[in-house]
Amino acid sequence: MIFEWACFVLLTAAAFVYIFALPDKLYLGPVKTRTSYLRERKDAVYENLRDLNFEYSAGKVPDADYQALKSSLQDEAAALLAEISRLESKSPTPRKARS
């Protein structure tokens, strides 16, 4: 009986260590800048506009809803483009040296 309890405790401790122990180095992925986030969001908004146009052409979206959603998505896209432009003009990209 003692052997079974010892095995159970050892197995439980090993499971806890395996589950909750963090590795020395964690890969967190590439560093995202505000501009890259805005570009991803812009791509998503453009995709939503394409989907909305397709759904409207297929007759699945009423005209009033289409106009409201389209206007909302276009406003968001314009705001994203303006902020991307502002951020890019604030921090110019480094140029290559001439050889």
Side-chain angles (χ1 to χ4, degrees):
M1 185 72 177
I2 294 176
F3 178 73
E4 287 91 13
W5 277 104
C7 288
F8 173 74
V9 169
L10 184 62
L11 184 63
T12 304
F16 274 104
V17 169
Y18 178 76
I19 293 171
F20 295 110
L22 292 176
D24 293 336
K25 274 190 171 179
L26 293 176
Y27 176 69
L28 302 176
V31 177
K32 283 193 172 185
T33 62
R34 177 76 176 153
T35 307
S36 65
Y37 166 75
L38 291 172
R39 285 191 181 126
E40 286 179 14
R41 183 69 191 134
K42 178 194 70 146
D43 292 340
V45 169
Y46 281 172
E47 185 176 344
N48 288 342
L49 273 168
R50 282 190 296 273
D51 290 345
L52 179 63
N53 285 328
F54 177 78
E55 296 289 330
Y56 179 70
S57 299
K60 295 182 179 181
V61 178
D63 190 45
D65 290 343
Y66 170 74
Q67 294 300 331
L69 289 169
K70 181 180 174 186
S71 175
S72 172
L73 288 170
Q74 286 175 337
D75 291 344
E76 184 177 355
L80 289 168
L81 289 172
E83 188 169 354
I84 289 171
S85 176
R86 183 183 60 80
L87 288 173
E88 286 178 346
S89 67
K90 186 188 293 187
S91 60
T93 56
R95 296 183 183 205
K96 292 182 180 178
R98 294 185 186 186
S99 47

(message) In this structure, would V61 and F54 fall into the same cluster of hydrophobic residues linked by side-chain contacts under 4.5 Å?
(response) no
(request) Can you measure from CG (L80) to OG (S85) and round to the nearest 0.5 angstrom? (result) 12.5 Å
(message) Taking F20 as the starting point, is it possible to reach Y18 by hopping between hydrophobic residues whose side chains are less than 4.5 Å apart?
(response) yes
(request) Drop me the distance from N48's CG to N53's CG, to the nearest 0.5 angstrom. (result) 11.0 Å
(message) For the CG atom of L81 and the OH atom of Y46, what is their distance to the nearest 0.5 Å?
(response) 4.0 Å
(request) Can you measure from CZ (R34) to CZ (R86) and round to the nearest 0.5 angstrom? (result) 8.5 Å
(request) Examine F8 and L10 and state if one hydrophobic cluster contains both, with Ile, Leu, Val, Met, Phe, Trp and Tyr joined whenever side-chain heavy atoms are less than 4.5 Å apart. (result) no
(message) Could you measure the distance from the CG atom of L69 to the CG atom of D51? Nearest 0.5 Å is fine.
(response) 12.0 Å
(request) Give, for atom CG of D75 and atom NZ of K70, the distance between the pair rounded to the nearest 0.5 Å. (result) 11.5 Å
(request) Under the side-chain contact (heavy atoms from CB on, under 4.5 Å) rule, what do R41 and V45 come out as? Steps first, then yes or no, please. (result) CA-CA 6 Å; R41 183 69 191 134; V45 169; 4.0 Å; yes
(request) Kindly give the heavy-atom pair with the smallest separation between D63 and Y56, and that separation in Å. (result) OD1-OH, 2.9 Å
(request) Please answer whether the main-chain N or O of K32 pairs with a side-chain N or O of S36 as donor and acceptor at a distance below 3.5 Å. (result) no
(request) Keeping the roles fixed (side chain from E55, backbone from L52), state whether a donor-acceptor pair exists under 3.5 Å. (result) no
